[in-house]
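Each chain gets a letter, A, B and so on, in the order the sequences are listed, and its residues count up from 1. Since we're looking at a predicted model, the values are computed, not measured.
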Amino acid sequence: MTKYFGSLAIKHPDDLIFGYAPKPVSCGQGLTIGVGQVFPEINFTLPPMLINESNWNEVLSHYHNICENVLARAEKLRVPGIVMEFEHLPPMSMKPELGAEITSLIKNYLLEFYRRTGIPNALRVTVVDLRDADHPPLLRSGQRWEQTREAFILSAVAGADILSIESVGGKEVHDQALMYSDLSGIVASLGILACRDMGWLWDEIVDICKEYDVVPGGDTACGFSNTAMQMAGQGLLPATLSALVRAASAPRSLVAYEHGAIGPSKDCAYEGPIIKAITGVPISMEGKSSCCAHFSPLGNIAGAMADLWSNESVQNIKLLSGTAPEAFLELLAYDCRLFNIAENKNESRMYRDLLVRSDLEQSPEALMLEPQTVLRIARSIAQCPNPYTQTRNAIFTAFKSLQDAVDSNQLKLPSREQTWWSKIPGLLAQIPENENEAIEYLITTYHGVFNPQAYGL
Amino acid sequence: MTKYFGSLAIKHPDDLIFGYAPKPVSCGQGLTIGVGQVFPEINFTLPPMLINESNWNEVLSHYHNICENVLARAEKLRVPGIVMEFEHLPPMSMKPELGAEITSLIKNYLLEFYRRTGIPNALRVTVVDLRDADHPPLLRSGQRWEQTREAFILSAVAGADILSIESVGGKEVHDQALMYSDLSGIVASLGILACRDMGWLWDEIVDICKEYDVVPGGDTACGFSNTAMQMAGQGLLPATLSALVRAASAPRSLVAYEHGAIGPSKDCAYEGPIIKAITGVPISMEGKSSCCAHFSPLGNIAGAMADLWSNESVQNIKLLSGTAPEAFLELLAYDCRLFNIAENKNESRMYRDLLVRSDLEQSPEALMLEPQTVLRIARSIAQCPNPYTQTRNAIFTAFKSLQDAVDSNQLKLPSREQTWWSKIPGLLAQIPENENEAIEYLITTYHGVFNPQAYGL
Amino acid sequence: MDLARLVELGKIDKNTPHPPALIGQDGVLELTQLAIKKEIKAQIILNEGLMPGMHAIGEKLSRGEVFITDMLIAARAMNVALGQLKPFFLSGEIQAKGTIVLGTVKGDLHDIGKNLVKMIMEGDGWEVKDLGTDVSEEQFVEAVNNSTDAIVGISALLTTTMLHMGSAVQRLRENNPNTKIYIGGAPVSQSFCEEIGADGYFSNPHGLARELRKAPKLLI
Amino acid sequence: MDLARLVELGKIDKNTPHPPALIGQDGVLELTQLAIKKEIKAQIILNEGLMPGMHAIGEKLSRGEVFITDMLIAARAMNVALGQLKPFFLSGEIQAKGTIVLGTVKGDLHDIGKNLVKMIMEGDGWEVKDLGTDVSEEQFVEAVNNSTDAIVGISALLTTTMLHMGSAVQRLRENNPNTKIYIGGAPVSQSFCEEIGADGYFSNPHGLARELRKAPKLLI
Ligand code: B12
Ligand code: B12
């Protein structure tokens with residue numbers, strides 16, 4: 001049941017804007033996302049502590065505490081709606097009953113909150129992709145997959161309103177290709193391996209969602225393009241490479257929607273705007289408000305097209321004001337007020353452009369989120385149905401956009417990126433033109449690193 | 001050497017805007033504040049730990065670590081300029097050599113940073129007002145004052161570029177008046193006691209600043225109006241009372257500028273916009289970006305007129321991204337990019353109005369920061385030279401503004417505030433008309449609570 | 001109108017103008033005097049007449065229906081009544097709930113939170129010995145030595161002083177292992193409380209008041 | 001061009017196309033073979049020919065002048081040279097710097113950081129035993145039992161797994177009190193390192209490499 005998005009859901013850059021999605025999603029307790037307002041999506045995790053049987057009550061009491069504090073603040077600040085994301089930690093997917101117990105704990109708070117305040121809300125549960133634990137991963141079978149699948153089912157039963165995952169198919173190859181700046185390997189691992197796994201995996205997830213009446217949210221290329229961005233942030237890889245990887249990861253994340261996901265996409269998927277342009281689904285994004293979770297070259301621009309605004313993750317620790325989750329809910333709530341007043345006063349386009357321009361010239365990664373560029377990349381992807389070609393097109397288009405910006409002096413590359421920059425055309429030229437050659441390349445160059453059967457190869 | 005500001009430096013609401021101050025301040029390493037750009041003012045403090053001789057090296061290493069991380073991030077994000085505020089903790093003012101050692105540590109980092117990157121910067125040092133330790137405080141003499149004075153001098157010698165304090169004169173009475181919602185006591189303690197102490201204290205501080213060529217930044221009514229706002233936030237006092245106290249505290253903070261302070265004002269002084277309107281000095285403000293330090297009903301609106309944008313305070317603890325001070329510097333830097341791109345694209349008025357409107361109808365405190373209201377209160381203060389009358393005028397004007405907003409349904413009071421709201425006119429009517437009656441009231445009602453000599457009474 | 005309701009409304013006596021609706025009517029003072037005259041047992045006056053008024057306003061405050069000012073006004077009226085009952089306290093006919101030793105830790109001058117604790121606990125029938133701010137471990141120990149049944153409440157607002165709570169708890173335990181010690185203040189948390197071995201953390205005074213009401217041997 | 005420079009540039013052999021500027025010229029392979037033929041002592045080839053190249057690129061990486069890819073390409077060339085020197089390692093004529101046992105803690109699958117540590121330490125002349133991810137305390141202990149002079153490096157990326165470092169340190173100490181244990185990973189810090197009693201924390205692999213170069217007895 002693959003749907004091919006042959007054209008763009010959003011064709012004009014003016015329409016690519018926060019709060020609006022051509023295909024809104026209704027979910028949870030009275031919440032509709034994508035019809036004008038941006039809502040906070042609050043994320044949280046445990047402080048430094050182990051998770052085991054002896055301290056399970058302590059774990060639960062953290063989640064109680066988080067729900068109480070966050071929802072009290074949300075009420076106080078009169079948010080127009082709220083999404084809570086419960087992201088599993090590994091033991092919670094490994095023993096899915098544990099994840100389910102916390103899911104229903106949070107869901108009960110949300111139900112009560114809705115009854116008391118009438119504020120619409122929803123619960124996203126993100127399961128850990130345990131298949132990563134085998135090297136190379138088996139993906140479509142074995143205990144790891146069984147557990148992951150079970151974690152989805154029990155989360156759905158326990159009350160999740162939206163299901164998501166940060167899936168890892170193709171990452172075993174991508175990790176190495178990235179380190180060696182092997183663009184051919186990057187494109188092949190994303191466009192062939194990752195896309196194939198996504199198709200298989202999301203068929204499974206969408207089936208579960210249908211059975212239990214839950215919204216299939218979407219996936220994120222976190223393990224691919226955020227790893228690249230993190231490493232570029234640490235000065236280990238060029239930022240232009242990280243920008244290229246971002247574009248190249250969009251077709252991979254798109255596959256979820258081709259197989260039935262409907263959004264809202266995952267916050268850490270900065271390829272979200274491209275997905276929104278192609279499919280029209282609402283997206284979750286994180287920017288400066290996720291300074292608690294990671295540093296970023298996309299602090300403001302990430303908000304330009306967001307439908308949910310997230311803090312990615314924050315530990316339940318004490319700050320001078322209160323707990324960190326309530327503090328970051330406050331931050332999100334104020335940012336959302338700004339989005340929403342701008343839309344209310346008919347200034348949303350102007351405000352979006354400020355968000356875009358404030359970061360645009362500061363990093364190659366930011367350029368990948370500029371509305372015109374987003375549409376350019378989206379178009380190059382939508383052009384053809386083959387995921388490998390889509391991925392190859394995306395990286396070429398991204399490079400052209402970077403080149404235009406560099407040539408017009410809009411983007412100034414630091415001197416340390418210059419040598420690498422001059423090598424890119426050569427590396428791009430080496431990328432195999434068609435899927436078969438690319439498979440050939442993968443099998444010879446990354447022999448032993450991945451398991452071809454796991455991808456149906 | 002008192003200067004009386006008989007008219008407003010900013011007369012039109014359009015000119016009351018972030019980044020611009022009629023009387024810019026140049027300080028530190030090449031930094032000029034108030035000529036178009038908003039700069040981050042980063043604040044930081046120690047994590048839970050004692051300060052004593054045995055762990056002094058650990059204390060120092062925290063400040064080393066903070067400087068390294070914060071400045072590395074500032075460079076990475078290419079901030080146009082930066083202010084670091086070093087706020088003393090009590091032992092650092094009690095033994096001023098300790099405060100001085102940290103001051104010179106930070107200053108060295110800033111000098112080196114300026115040499116390496118050319119990014120303008122300055123160091124604000126805020127000393128603890130130790131006079132609070134005596135009950136009732138002696139204020140103008142005694143060991144506490146000697147230590148406080150010494151702390152100013154040693155900070156100046158050690159390299160502070162700007163000096164500030166959160167002074168406490170009049171607070172011993174105000175604390176009680178506040179709890180009993182005694183508007184007469186509030187106005188008298190602010191307009192007489194606090195203003196008198198401010199005049200005396202700031203003459204001293206300005207003298208020190210002249211001698212050591214340091215900028216006298218300003219003071220904050222933190223112990224008055226932020227206490228009220230905190231208590232209102234906890235539901236202990238009405239938010240309308242907290243709004244009235246804010247307005248009433250402006251004449252008190254104004255005194256510093258009448259006695260030679262030139263700004264930038266202290267971040268936690270939310271009376272800053274009123275001060276800016278009257279005097280034209282640049283102001284520091286904190287809003288959603290200080291969610292690490294306290295919750296606030298002023299998250300966005302606080303930025304509308306800011307020249308420095310601060311996080312108030314954050315402990316040097318580890319978050320998932322890195323340390324909390326670098327995370328909050330990142331947040332400030334992105335917010336500042338938005339201010340500055342808006343001004344660059346000629347959209348600053350529009351952006352300011354979004355900031356204002358997003359919070360305006362959500363709390364009485366926010367109304368006190370709306371540009372028209374700010375000017376209205378500022379005018380009522382500038383009208384007459386007597387601080388008591390100024391304070392009385394300010395509270396009446398603030399009430400009128402609140403009343404207009406409530407009458408026009410712009411501001412909806414929660415039902416729990418209604419009873420109190422209906423009592424305000426009666427309480428206002430009881431406020432003594434002139435200073436002598438008010439002194440009489442203070443002496444009879446707050447007998448024993450304060451020391452009249454300490455105020456030259 | 002009954003005594004409890006008058007306490008809750010803070011109606012001191014016939015002459016006080018507050019609350020306006022009751023101008024000229026009898027207040028807590030008159031009704032308490034009347035009750036004593038009628039030889040109602042002092043303990044009953046306290047437990048069934050006065051305290052329910054304070055509890056009522058306290059509950060309203062914690063539900064956010066009234067403000068601290070209303071609580072203080074009630075406490076003021078309560079104090080007038082307690083003045084009338086003083087002889088019965090002295091004779092031992094009524095027993096106070098007990099004593100709370102209260103203070104802000106060494107190096108810390110924030111006292112607004114602590115003062116609220118004081119007022120609310122007094123309103124709840126406790127005698128509070130307020131040691132003020134900047135209170136050393138020794139001062140806490142001494143105060144408990146002078147009043148060995150006392151409960152201790154410690155406040156701290158600075159992250160650089162909260163650790164003094166740990167040493168205070170330790171010193172107090174050495175001297176008087178059974179003393180109950182409760183802590184509060186913005187930077188403090190439940191897990192910190194457990195870490196330093198205090199008996200309880202409360203984010204507001206009502207929490208403490210409620211906790212102490214639960215302990216049966218402490219009830220009047 | 002000297003050997004060190006060829007290592008730094010990652011020029012493997014005559015036939016490799018990288019770097020383009022050196023196409024057709026001799027690479028690390030040829031020069032190492034030549035040196036062996038000239039009977040230059042293997043230890044000298046290693047210490048004065050090859051290692052300075054790796055150090056140079058390592059320093060450039062830590063100064064942000066090159067990228068990890070450049071480092072890896074250099075390491076690849078280095079490995080080719082080491083292949084040529086293998087007989088001398090086997091005969092004991094050259095001694096390796098030593099062994100590092102490396103792994104990501106139990107429950108944690110993040111391995112990119114750990115893999116970088118591996119590559120960089122290998123480039124610096126260490127033999128690395130990579131235990132992979134999700135490594136239990138027992139596995140660390142066992143690895144050290146099999147190679148008692150080894151240094152241990154532990155990585156963790158989750159706040160809910162970092163505490164396993166503490167138990168790993170404890171178990172390792174019980175078995176082999178002198179083993180040096182170093183830790184790293186995004187959530188870890190110097191103070192956490194002190195808390196669990198590890199020997200050092202480094203925010204990046206270069207820190208570790210530099211530290212180990214300082215320890216005299218570990219130098220080749
Ligand atoms: C008002 C205030 C002041 C006033 C104090 C007035 C006074 N007499 O208390 C003044 C201006 C004097 C002041 C000074 C300073 N302050 Co101050 N202050 C505040 C502020 C804004 C509000 C505190 C307050 O009164 N809140 C209202 C009361 C009602 O709330 P509360 O104290 O939390 O108490 C409630 C509960 O906690 C509980 N409770 C409290 N104690 C107890 C005890 C028990 C047993 C129980 C059961 C319950 C309980 O009940 C209360 C009612 O619900 C806080 C901000 C904040 N986030 O708290 C900063 C804050 C505490 N101050 C801070 C600082 C840094 C200082 C100074 C060092 C600043 C300077 N450089 O001069 C000095 C230090 C003075 C000193 N030596 O102690 C920082 C602390 C940072 C840190 N490292 O810990 C804070 C957090 C501000 C910030 N965000 O940076 N401060
Ligand atoms: C990429 C990534 C992933 C990838 C992992 C790919 C892989 N094979 O490693 C994927 C997508 C699979 C993933 C999965 C998960 N992740 Co993850 N992930 C990240 C991310 C974005 C980057 C990590 C990274 O590779 N950085 C680049 C490398 C080079 O940096 P580094 O690891 O820090 O290593 C450097 C130094 O630390 C040092 N170093 C590291 N180890 C050592 C050891 C020694 C001895 C020395 C000297 C030095 C050293 O050297 C390195 C080079 O400088 C981080 C964000 C972050 N802030 O770190 C989140 C993050 C770590 N992940 C997180 C989470 C929650 C998860 C999941 C649970 C999500 C989920 N629900 O599925 C799962 C858990 C998987 C598992 N079982 O472990 C959270 C952790 C929150 C928490 N509670 O602790 C983070 C912080 C994201 C966030 N902000 O929320 N993740």
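More than 12 non-hydrogen atoms from other residues, nucleotides or ligands lie less than 6.0 angstrom from CZ of D:Arg171. No more than 12 heavy atoms of other residues, nucleotides or ligands shown are found within 6.0 angstrom of NZ on A:Lys95. Around NZ of D:Lys180, the count of heavy atoms belonging to other residues, nucleotides or ligands within 6.0 Å does not exceed 12. Residue A:Glu53 places its CD atom among 12 or fewer non-hydrogen atoms of other residues, nucleotides or ligands, all under 6.0 Å distant. Residue D:Asn145 qualifies as enclosed at atom CG: its count of foreign heavy atoms under 6.0 Å is above 12.
Remark: A:Lys171 NZ to D:Leu109 CG distance equals 8.5 Å, nearest 0.5 Å. Summarising the geometry, atom CD1 belonging to D:Ile68 is positioned 9.5 Å from atom OH belonging to A:Tyr180; distances are rounded to the nearest 0.5 Å. To the nearest 0.5 Å, atom CG of residue A:Asn52 and atom OG1 of residue D:Thr160 are 11.0 Å apart.
The candidate with the highest count of non-hydrogen atom pairs below 4.5 Å against chain A, out of D:Leu163, D:Val66, D:Leu61, is D:Leu163.
In this structure the side chain of D:Asp111 reaches within 4.5 angstrom of the side chain of A:His135, judged on heavy atoms. Residues A:Met179 and D:Leu116 meet the side-chain proximity criterion, which asks for heavy atoms closer than 4.5 Å. Using a 4.5 Å cut-off on side-chain heavy atoms (C-beta onward), A:Gln230 and D:Ile112 make no contact. By the 4.5 Å heavy-atom criterion applied to side chains, D:Leu158 and A:Pro90 are counted as neighbours. Within the 4.5 Å cutoff, the side chain of D:Thr69 has no heavy atoms near those of the A:Leu241 side chain. For the pair A:Leu236 and D:Met71, the minimum side-chain heavy-atom distance is 4.5 Å or more.
For A:Met94, no part lies near chain D; criterion is any non-hydrogen pair under 4.5 Å. Both the backbone and the side chain of A:Asp132 have a heavy atom closer than 4.5 Å to some heavy atom of chain D. Of the two parts of A:Leu237, the backbone and the side chain both hold a non-hydrogen atom closer than 4.5 Å to a non-hydrogen atom of chain D. In this structure, chain D has a heavy atom under 4.5 Å from the side chain of A:Thr227, while its backbone stays farther away. Contacts between A:Pro47 and chain D at a heavy-atom distance below 4.5 Å involve the backbone alone (N, CA, C, O). Neither the backbone nor the side chain of D:His110 comes within contact range of chain A; no heavy atoms are under 4.5 Å apart.
A donor-acceptor pair under 3.5 Å links the side-chain atoms of D:Thr159 to the main chain of A:Leu46, judged by distance alone.
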